[in-house]
Each structure stands twice: as C-alpha cells, then as structure tokens.
There are 2 protein chains.
Amino acid sequence: MAARPPLYRHVKQQITDALRSGKWKHGQKIASEPQLAERFGVSIGTVRKAVGELEAENILVREQGRGTFVVSHTRDYMLNVFFRVVDSDGHKELPTMSLLSMKRGRADGTTAALLHIAPRAPVIDIEALLSLKGRPTILDRIRLPVSLFAELGEHLFKRRDGTLYGLFQERFGITIVRVEENITAVIAGERDSRLLGVANGSPLLRIRRVGYTYKNVPVDARVRLVDSSKHGYLSVLGSGS
Amino acid sequence: MAARPPLYRHVKQQITDALRSGKWKHGQKIASEPQLAERFGVSIGTVRKAVGELEAENILVREQGRGTFVVSHTRDYMLNVFFRVVDSDGHKELPTMSLLSMKRGRADGTTAALLHIAPRAPVIDIEALLSLKGRPTILDRIRLPVSLFAELGEHLFKRRDGTLYGLFQERFGITIVRVEENITAVIAGERDSRLLGVANGSPLLRIRRVGYTYKNVPVDARVRLVDSSKHGYLSVLGSGS
DNA sequence: TAGTGGTCTAGACCACGTG
DNA sequence: ACGTGGTCTAGACCACTAC
C-alpha cells in the first residue's frame with residue numbers, strides 16, 4: 001500500500017538529480033518555470049511547489065524578473081546560513097583563515113563513522129586557525145575523505161579569499177546543503193590555549209560539525225574549538241513571525 | 001511608493017491577530033479553509049498560502065481530514081522545537097524540573113534590555129534544576145516580567161508534569177513562538193558545581209535564552225548552565241534535502 | 001456520507017529586470 | 001517590449017477523518 005508520492009516531489013527529485021549531475025552549476029540560472037513545466041509535463045503550479053521547497057532548503061534562490069539560480073557559497077551566503085559565531089553585540093563577521101597544517105592520514109573510528117567511510121580509509125587532515133577582527137578565535141581540525149578531495153593541495157588555500165565550502169563547490173563541484181553541529185564545553189589544552197592566545201585552562205566551546213551534501217551524504221567532519229570569551233554561538237529556534 | 005503587501009499577508013496578519021486576541025486557543029481547531037476564504041473574501045488558494053506560512057513558523061498545524069489547529073506546547077512539541085540538548089547517542093529526552101527558588105525582584109540592566117522593560121521594573125526570579133535520566137544536568141535562572149505573569153506562584157509548579165512554556169500557554173495564554181540562544185563556555189562556580197554535581201572548575205555551557213511570543217515581544221529571559229560532559233547542544237543548519 | 005486538508009490544473013494579471 | 005518570477009482566482013479531484 002505504498003502511498004503514491006505527489007507529483008511535485010517527483011519534479012523536485014528530478015531537479016535535485018540534475019543539480020547533482022552538474023547540469024546546472026552553482027551561481028547559474030536554471031530553466032524557467034514554464035520550461036520546467038513543459039519538460040516534466042506538469043503545470044506551472046506544480047513546478048512552483050517543487051522549486052519552492054528547494055528554495056526553502058537553501059538549494060535554489062528565486063529572483064523576480066531574473067530567474068532561479070543555484071545557490072553559490074559566497075561569503076555572504078556562508079555568513080547567513082552556516083556561520084553562527086557572533087560578537088557580544090550580536091554582529092557576525094566571517095573569519096580569516098590561516099592554514100596550520102595539512103597532511104594525509106587514515107580515519108579513526110569516530111571520523112569514519114561520521115563520514116560513512118571504512119575505518120582507516122584515507123583522509124585529509126587539516127588544521128586551521130580562524131581569526132575574527134585579527135584575533136585568533138577558532139581552531140579547526142578538519143577531516144575530509146580522500147575519495148572526494150584527492151587533488152586538494154595546500155596551494156589551493158594560499159590564494160584564497162573565500163571559504164572552505166566555497167572551495168568545495170568551485171573546485172570539486174560539491175555543495176554543502178546542511179551541517180549538524182554538536183556543542184559541548186571543554187577546558188583548553190596546553191597547545192590549544194597557546195594557539196588561541198588564551199590562558200591555559202580557559203573554557204572553550206567544542207563544536208563537532210559534520211557537513212552534508214545532497215542526499216544526506218556526509219562530506220566533511222571537523223572539531224572546532226572556539227574562544228567564547230568575546231563571542232557566542234547564536235541559535236534561533238522556532239522562527240515565528 | 002510603499003509596495004502594496006500581497007493579499008495573503010493581510011490574511012495571515014488577520015489570523016495572527018485572532019490568535020493573539022484569544023479567539024482560538026492552543027490545541028483548538030480554527031475555521032476551515034473555505035470558511036476563512038469566505039470570511040476574508042479571498043480564494044482558498046490565498047488562505048492556503050497564509051496558513052502555510054503560519055504552519056512553517058510552528059504556529060499552526062494542519063491535519064488532513066481533521067482541520068487546522070493552534071499548536072499546543074505539549075511535551076513532544078517542546079522536545080522537537082525548542083529543546084536541543086541531546087545525549088551522546090544523539091537522543092533527546094525532556095528533563096524533569098525541580099524548583100529551587102522563586103522570588104520577586106527588580107530587573108537588572110541586562111535583563112531589562114532583553115525583556116524590553118524599564119530598568120528596575122519588577123520581575124519574577126526563578127531558579128530551577130533540570131535532570132536528565134535522574135541526573136542533574138541543567139541549572140536555570142529565569143526572569144519573567146511581573147506585568148505578564150503577576151499571578152505566577154510556586155503552587156503552579158508543584159503539580160506540574162508539563163513544561164514551563166506549556167504553563168505559560170495554559171495559565172497565561174502566552175505562546176512562545178521563537179527563542180534565541182547565545183551559547184558560550186564558562187567554568188563552573190562553587191555553587192553551580194555543587195548543584196550540578198560536577199567538580200569545581202568544570203567547563204559548562206552557558207546559554208543565554210530569550211523567548212518571544214507573537215510580534216517579537218520578549219517574554220522570558222534565562223541563563224542556563226549545562227553540564228555537557230554527557231550531553232551536547234545540537235544545532236542543525238541549512239536543512240537541505 | 002459529509003467535511004477536512006492535499007494535489008493539480010489553467011489562466012489572468014502584477015512587479016521586476018533586462019535589453 | 002519581453003521574459004522572469006509573484007500573486008490570485010476557480011474548479012476538479014484525491015486522501016483522510018469522523019460520524
């Protein structure tokens with residue numbers, strides 16, 4: 001008795017597949033609504049419902065009079081969607097990244113489970129220090145599966161003004177559509193406190209993040225330590241009117 | 001040249017006003033879509049768009065074949081919408097509350113600013129210890145404006161199996177539709193560590209929460225300390241497919 | 001069976017951006 | 001002027017719930 005899925009779900013799925021296959025790339029305009037309606041043999045209203053859901057999921061953006069576009073992980077976009085660290089006035093600002101190290105290694109059990117890869121599968125292991133207002137504030141340890149990012153090299157970071165997820169999108173065609181963050185409080189270790197410029201034994205936010213692309217495929221796993229003495233992590237729930 | 005707002009916004013506004021005025025109370029069924037369409041002199045499609053937005057904002061819930069209802073702050077609802085503390089397996093469970101103290105006082109500057117009330121305006125000052133799996137995990141210090149909760153007394157907590165926001169809704173007709181939480185890491189003070197049963201100097205999550213009802217009116221301000229040694233704060237961003 | 005919300009259609013008109 | 005997305009309408013039919 002499997003309930004028949006509504007038509008617009010099917011349309012949405014076809015659009016998502018087209019995005020995944022690279023038919024339309026980030027920042028590009030997709031087909032207009034009348035064109036999509038004709039291609040899929042449905043009415044415009046049905047197309048609009050499908051596109052509307054994809055827009056609500058931060059995958060497409062509609063612009064009246066111009067068209068519908070695949071979201072691009074610009075700095076502004078990252079700031080609004082994925083970055084939640086604010087200063088004491090509630091203002092947000094993207095950090096500047098400084099690469100500490102980058103090497104190949106093998107996934108430990110936890111990382112393998114998070115990334116849905118085999119234990120000891122090859123990963124890229126990155127450490128980076130992120131600064132806000134010139135002050136080191138965030139220490140990232142990032143693990144990426146080599147299977148997806150084989151050609152990732154240090155040189156790609158040197159000349160970058162964008163974000164890591166922007167790099168994923170531009171160079172590897174991988175769009176992060178959702179991240180899950182699990183936050184706990186920890187005491188800064190000796191090395192962490194030195195890098196972040198805080199007293200040994202200071203409290204830090206420890207954020208375990210997993211980033212997912214389409215179809216809930218995990219792509220990046222990171223552990224992020226945040227000096228929250230001058231910043232906070234902002235979470236908004238419910239979004240009422 | 002003020003752009004004319006679309007019709008469905010007007011309809012949405014009228015529905016929100018009716019909710020605020022108490023015409024339909026939590027858990028009750030509101031008028032059917034054809035009835036609303038006739039009352040407001042618009043087509044059903046326009047009503048559906050308005051109701052759809054209110055549903056997306058967690059203010060109404062539609063149930064096929066039954067009707068559209070005002071959300072009720074049941075335990076399940078709270079768990080899914082406003083409670084973000086999970087155990088190490090990622091499971092959620094609502095805490096049991098134990099009231100530590102409740103007294104009248106006056107708002108300090110920070111609290112007054114958060115609640116949009118005058119400095120030194122009268123507030124109710126509550127301390128409560130919340131336990132997960134029988135283990136004290138969260139220490140809440142809550143400030144409520146007396147202007148909204150004049151009749152709040154300790155007896156209302158004694159016989160309670162619901163949540164604080166459920167109490168707001170049932171006894172005071174106030175529905176929280178959005179909360180903002182600002183999270184930092186702190187070191188447990190002497191009293192905090194004793195109440196939470198952790199070692200002095202342990203790291204804790206410090207969550208500054210403000211709860212809002214319709215029209216962005218702040219209603220409750222609290223500072224929440226969480227023992228994150230066995231739990232974490234879960235945040236999901238982007239919600240892609 | 002009657003009433004509810006959910007889907008889908010077809011078409012008119014509006015608001016906006018581009019050439 | 002044209003094409004885009006945005007709004008609004010009217011009506012048909014489906015899926016589900018209650019009685």
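If you're wondering where the values come from, they're calculated on a predicted model, not measured in any experiment. In what follows, chains carry the letters A, B, and so on, assigned in the order in which the sequence lines appear, proteins first and then strands, with residues in each chain numbered from 1.
- Atom CD in B/Glu55 sits about 11 Å away from atom P in C/dG5, given to the nearest Å.
- Taking every side-chain heavy atom of A/Thr68 into account, D/dG5 is the closest of D/dC8, C/dC8, D/dG5.
- Nearer to the 5' terminus of DNA chain C, by closest-nucleotide assignment, is the contact made by A/Ser43 (compared with the other of A/Ser43 and A/Gly65).
- The residue A/Val51 sits apart from the nucleic acid: no heavy atom pair falls under 4.0 Å.
- The side chain of A/Lys49 places no N or O atom within less than 4.0 Å of a non-bridging phosphate oxygen (OP1 or OP2) of C/dC8.
- B/Thr46 has a side-chain polar atom (N or O) that falls below the 4.0 Å cut-off from OP1 or OP2 of D/dT9.
- Taking only side-chain nitrogens and oxygens, B/Arg66 never comes nearer than 4.0 Å to OP1 or OP2 of C/dG5.
- At least one donor-acceptor pair closer than 3.5 Å links the side chain of B/Gln28 to the backbone N or O of B/Lys25.
- Nearest to the side-chain atoms of A/Gln64 among the listed nucleotides D/dT4, D/dT9, D/dG6 stands D/dG6.
- When the side-chain nitrogen and oxygen atoms of B/Arg62 are compared with OP1 and OP2 of C/dG6, one or more of them lie within a distance under 4.0 Å.
- Nearer to the 5' terminus of DNA chain C, by closest-nucleotide assignment, is the contact made by B/Lys29 (compared with the other of A/Val47 and B/Lys29).
- Checked by atom type and distance alone, the side chain of A/Glu180 never pairs as donor or acceptor with a backbone atom of A/Val210 at under 3.5 Å.
- Put simply, CD on B/Glu63 is 9 Å from P on D/dA18, counting in whole angstrom units.
- For the pair A/Gln169 and A/Ile174, the minimum side-chain heavy-atom distance is 4.5 Å or more.
- Screening A/Arg222, A/Arg224, A/Arg209 for a side chain to side chain donor-acceptor pair (under 3.5 Å) involving A/Glu181 leaves a single residue, A/Arg209.
- Within the 4.0 Å cut-off from OP1 or OP2 of C/dT7, at least one side-chain nitrogen or oxygen of A/Tyr8 is found.
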